[in-house]
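Heads up: the structure comes next, in structure tokens.
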Amino acid sequence: MAKVKAHKFLVEEEDVATFELIGISSHVPAYKLVWDFNKTLNFELELSNTNFEVYSKKNNSASFPYYFQSQEEDFLSIYLIKNKHNGSLLIPELQQIDNFLFFVNNQVYEIEKINDALRKMNKTVLASYIFDPNEYSSVRNIIFE
């Protein structure tokens, strides 16, 4: 009887983020940032009635207050989420960042132009950086519905 050789296939899930990410350092509370963003960038961010829930691999959960805007005609959603809340970090690898601006399904805004506009808001924004969300493992825990 001939030996049958077993073939093993490695199936890897493709972890590609469906959003763009800007990290913002600021000395003002989130509601002041939102007011400035809405005024300067013509956003329509509003405070959510619920918290943004994040679950880690260890089944630990953390919740973060957030502001959001949804443009149904473009399928675009924008979220401003504070990185640090009640001792938890949204993206622990980027603990020096105060807030994150997420653009989900973005086909509307050029992220570089938004980042340039943020940097000009020197009364509320100390610094802003575009991050590739696929470079940080904890971003896999962030799921937008």
**Report entry** 4.5 Å side-chain heavy-atom contact, Leu21 and Asp132
**Finding:** no
Could you pull out every donor-acceptor pair under 3.5 Å between side chains of residues 84-94 and any protein atom, sequence neighbours left out?
unit_1: Lys84; atom_1: NZ; unit_2: Gln95; atom_2: O; d: 2.8
unit_1: Glu93; atom_1: OE1; unit_2: Ser138; atom_2: OG; d: 2.4
unit_1: Glu93; atom_1: OE2; unit_2: Ser137; atom_2: N; d: 3.2
unit_1: Glu93; atom_1: OE2; unit_2: Ser137; atom_2: OG; d: 3.2
unit_1: Glu93; atom_1: OE2; unit_2: Ser138; atom_2: N; d: 3.1
unit_1: Glu93; atom_1: OE2; unit_2: Ser138; atom_2: OG; d: 3.4

**Report entry** Residue pair Glu20 / Asn106: nearest heavy atoms and the distance that separates them
**Finding:** OE1-ND2, 2.7 Å
Query raised in the report: How about Ile24 and Leu101: do any of their side-chain heavy atoms sit closer than 4.5 Å?
Result: yes
Report task. Go through the structure and list residues passing ring-ring contact (aromatic ring centres under 6.0 Å, His included) with Phe43, not counting sequence neighbours. Result -> Tyr109
Report task. Can you run down the side chain to side chain donor-acceptor pair (under 3.5 Å) pairs that involve residues 118-130, sequence neighbours left out, and say none if there aren't any? Result -> Asp36-Thr124, Asn115-Ser128
Query raised in the report: Got Val108 and Phe103 here, is their nearest side-chain heavy-atom distance under 4.5 Å?
Result: no
Query raised in the report: Among all residues two or more places apart in sequence or in another chain, which pass the salt bridge (Lys or Arg N to Asp or Glu O under 4.0 Å) test with Glu110?
Result: Lys113
Query - Under the side chain to side chain contact (heavy atoms under 4.5 Å, CB included) test, residues paired with Glu44 that sit two or more places apart - result: Gln69
Query raised in the report: How would you list, by chain and number, every residue that makes a side chain to side chain contact (heavy atoms under 4.5 Å, CB included) with Asn105, sequence neighbours excluded?
Result: Thr18
**Report entry** Any residue meeting side-chain hydrogen bond (donor to acceptor under 3.5 Å, both in side chains) with Asn49, in chain and number order, not counting sequence neighbours
**Finding:** none
Query - Interatomic distance, Ser48 atom OG to Ile81 atom CD1 [nearest 0.5 angstrom] - result: 9.5 Å
Report task. Could you tell me which residues satisfy side chain to side chain contact (heavy atoms under 4.5 Å, CB included) with Glu53, sequence neighbours excluded, listed by chain and number? Result -> Asn51, Tyr55, Ser61, Ser63
Query raised in the report: Below 4.5 Å, heavy atoms only, C-beta onward: do Val139 and Asn134 meet side chain to side chain?
Result: no
Report task. Not counting sequence neighbours, which residues clear side chain to side chain contact (heavy atoms under 4.5 Å, CB included) with Asp116? List them please. Result -> none
Query raised in the report: Hey, is the main chain of Ile97 close enough, under 3.5 Å, to the side chain of Asn83 for a donor-acceptor pair?
Result: yes
Report task. Any pair with a residue in residues 64-78 that passes salt bridge (Lys or Arg N to Asp or Glu O under 4.0 Å), sequence neighbours left out, goes on the list, sorted by first then second residue, please. Result -> none
Report task. Answer yes or no: is there a side-chain heavy-atom contact under 4.5 Å between Val34 and Glu46? Result -> no
Query raised in the report: Linking I/L/V/M/F/W/Y whenever their side-chain heavy atoms sit closer than 4.5 Å, directly or via other members, would Phe100 and Ile143 fall into one cluster?
Result: no
Query raised in the report: ring-ring contact (aromatic ring centres under 6.0 Å, His included) with Phe144: which residues, sequence neighbours excluded?
Result: Phe19, Phe52, Tyr79, Phe102
**Report entry** Heavy-atom check, side chain of Gln107 versus side chain of Leu76, under 4.5 Å
**Finding:** no
Query raised in the report: Heavy-atom distance under 4.5 Å between the side chains of Val104 and Ile78, does that happen here?
Result: no
Report task. Decide whether Met121 and Ile111 are clustered together by the hydrophobic rule: side chain heavy atoms of Ile, Leu, Val, Met, Phe, Trp, Tyr closer than 4.5 Å, transitively. Result -> yes
Query raised in the report: Once you round to the nearest 0.5 Å, how far does CG of Asp98 lie from OG of Ser25?
Result: 5.0 Å
Query - ring-ring contact (aromatic ring centres under 6.0 Å, His included) against Tyr67, all qualifying residues, sequence neighbours excluded - result: none
Report task. Answer yes if Leu80 and Phe64 sit in the same cluster of Ile, Leu, Val, Met, Phe, Trp and Tyr residues linked by side chain heavy atoms under 4.5 Å apart, and no otherwise. Result -> no
